[in-house]
Amino acid sequence: MKATYPKQKEPFLKEGIKELHSKTNKWVSEIEFTKVEQLFLKEMLAEHIIGLCAMENFKTAKLFLNGIEHEEKLGSKLLTDIQDHKMNLALLMENIYMKKEDDFRKNHEALKIEVNNYIQNFKYIKEQVFKLVLHIMKKEKQQKLLHK
């Protein structure tokens, strides 16, 4: 008679818990750097660009400023969620919550998607702000050349 063994559950993710913890630390680092970029862009828009804008660009700059502020709030919430997740991963590494490992792995995957979306959204806003600033700088240069 052939022996049958219980079927092993496929892991939701192939990485070990320590690797998930390491990736989570990387997310925190990326979000914290993004927050510095957000502060820079907000300062640049609010203090240096909005005053130079023609009306059509003013509305766009204001929209980007609001978008950055919204992303800042999302980033703060995401950091809180990640810190909670890191705590749970630490408990998992200590074998305290082994029965809930699948839940933590699913949560990790959901956070991974949220972090990626957050970073991609901010990259888009940053790209648009840079295009606006470049456009305004070119107009300023043209104005200076016309008034010489």
Side-chain angles (χ1 to χ4, degrees), residues 6-145:
K7 200 172 191 179
Q8 292 267 323
K9 263 209 264 186
E10 257 321 287
F12 188 77
L13 298 172
K14 291 182 175 40
E15 296 102 339
I17 300 302
K18 287 182 181 177
E19 175 130 353
L20 296 181
H21 195 265
S22 174
K23 287 184 177 188
T24 303
N25 285 334
K26 185 178 180 220
W27 295 343
V28 170
S29 177
E30 287 179 26
I31 292 172
E32 286 174 348
F33 182 76
T34 299
K35 288 179 125 348
V36 171
E37 288 181 303
Q38 289 166 342
L39 287 173
F40 172 78
L41 290 177
K42 274 178 50 179
E43 176 72 17
M44 183 175 61
L45 281 171
E47 300 299 325
H48 304 287
I49 299 304
I50 287 184
L52 301 173
C53 289
M55 197 54 173
E56 79 270 4
N57 292 331
F58 177 83
K59 288 179 182 177
T60 304
K62 198 75 171 133
L63 184 70
F64 291 147
L65 197 53
N66 291 340
I68 293 168
E69 288 171 353
H70 177 72
E71 288 295 310
E72 274 184 311
K73 290 174 187 169
L74 288 177
S76 294
K77 184 191 178 318
L78 201 48
L79 277 175
T80 301
D81 292 347
I82 291 170
Q83 293 300 346
D84 290 345
H85 183 63
K86 278 178 60 175
M87 195 96 92
N88 289 328
L89 285 172
L91 293 172
L92 252 178
M93 284 192 287
E94 298 297 322
N95 296 324
I96 294 172
Y97 278 147
M98 288 309 284
K99 291 180 182 176
K100 296 186 177 188
E101 182 176 350
D102 285 344
D103 292 339
F104 292 128
R105 288 181 179 274
K106 288 175 185 171
N107 185 41
H108 184 87
E109 199 59 24
L111 280 170
K112 177 179 163 182
I113 292 166
E114 280 187 59
V115 168
N116 188 47
N117 288 342
Y118 172 77
I119 290 170
Q120 293 307 313
N121 287 342
F122 182 68
K123 281 182 179 180
Y124 175 77
I125 291 171
K126 184 168 59 171
E127 176 188 17
Q128 297 307 307
V129 169
F130 286 158
K131 285 179 179 178
L132 176 66
V133 170
L134 188 59
H135 174 74
I136 291 168
M137 288 170 64
K138 285 179 180 178
K139 279 198 166 203
E140 281 291 302
K141 187 175 181 180
Q142 287 173 348
Q143 290 297 328
K144 285 180 183 176
L145 289 174

Would you check if [X] and [Y] make a side-chain contact, meaning some heavy-atom pair closer than 4.5 Å?
| X | Y | result |
| --- | --- | --- |
| I68 | L45 | yes |
| I119 | W27 | no |
| L41 | F122 | yes |
| N88 | D103 | no |

With rounding to the nearest 0.5 angstrom, report the [atom1] to [atom2] distance, [X] to [Y].
| X | Y | atom1 | atom2 | answer |
| --- | --- | --- | --- | --- |
| L63 | F58 | CG | CZ | 11.5 Å |
| N117 | Q120 | CG | CD | 8.0 Å |
| K138 | K141 | NZ | NZ | 9.5 Å |
| I82 | N25 | CD1 | CG | 10.0 Å |
| N107 | E109 | CG | CD | 10.5 Å |
| L89 | E19 | CG | CD | 12.0 Å |

Who are the side chain to side chain donor-acceptor pair (under 3.5 Å) partners of [X], not counting sequence neighbours?
| X | value |
| --- | --- |
| K139 | none |
| S22 | none |
| E72 | K42 |
| N116 | none |

Selection residues 60-93 - residue pairs positive for ring pair (Phe, Tyr, Trp, His ring centres under 6.0 Å), sequence neighbours left out: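 Residue pairs with at least one partner in residues 60-93: H85-H108.
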Worked check of side-chain contact (heavy atoms from CB on, under 4.5 Å) between K35 and L79: CA-CA 11 Å; K35 288 179 125 348; L79 277 175; 3.9 Å; yes
Any pair counted as salt bridge (charged side-chain N to carboxylate O under 4.0 Å, His left out), so long as it reaches residues 80-91, sequence neighbours left out: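 For residues 80-91, and leaving out neighbouring residues, the salt bridge (charged side-chain N to carboxylate O under 4.0 Å, His left out) pairs sorted by first residue read K77-D81.
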Kindly determine whether T24 and L111 satisfy side-chain contact (heavy atoms from CB on, under 4.5 Å), including the steps that lead there. CA-CA 9 Å; T24 303; L111 280 170; over 6 Å; no
Show me the donor-acceptor pairs within less than 3.5 Å that the side chains of residues 123-137 make with the rest of the protein, sequence neighbours left out.
unit_1 : atom_1 : unit_2 : atom_2 : d
K126   : NZ     : E37    : OE2    : 2.6
E127   : OE2    : K131   : NZ     : 3.4

Can you name the residues that form a ring-ring contact (aromatic ring centres under 6.0 Å, His included) with H21, not counting sequence neighbours?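 Applying ring-ring contact (aromatic ring centres under 6.0 Å, His included) to H21 gives none.
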Partner set under salt bridge (charged side-chain N to carboxylate O under 4.0 Å, His left out) for E30, not counting sequence neighbours: K26
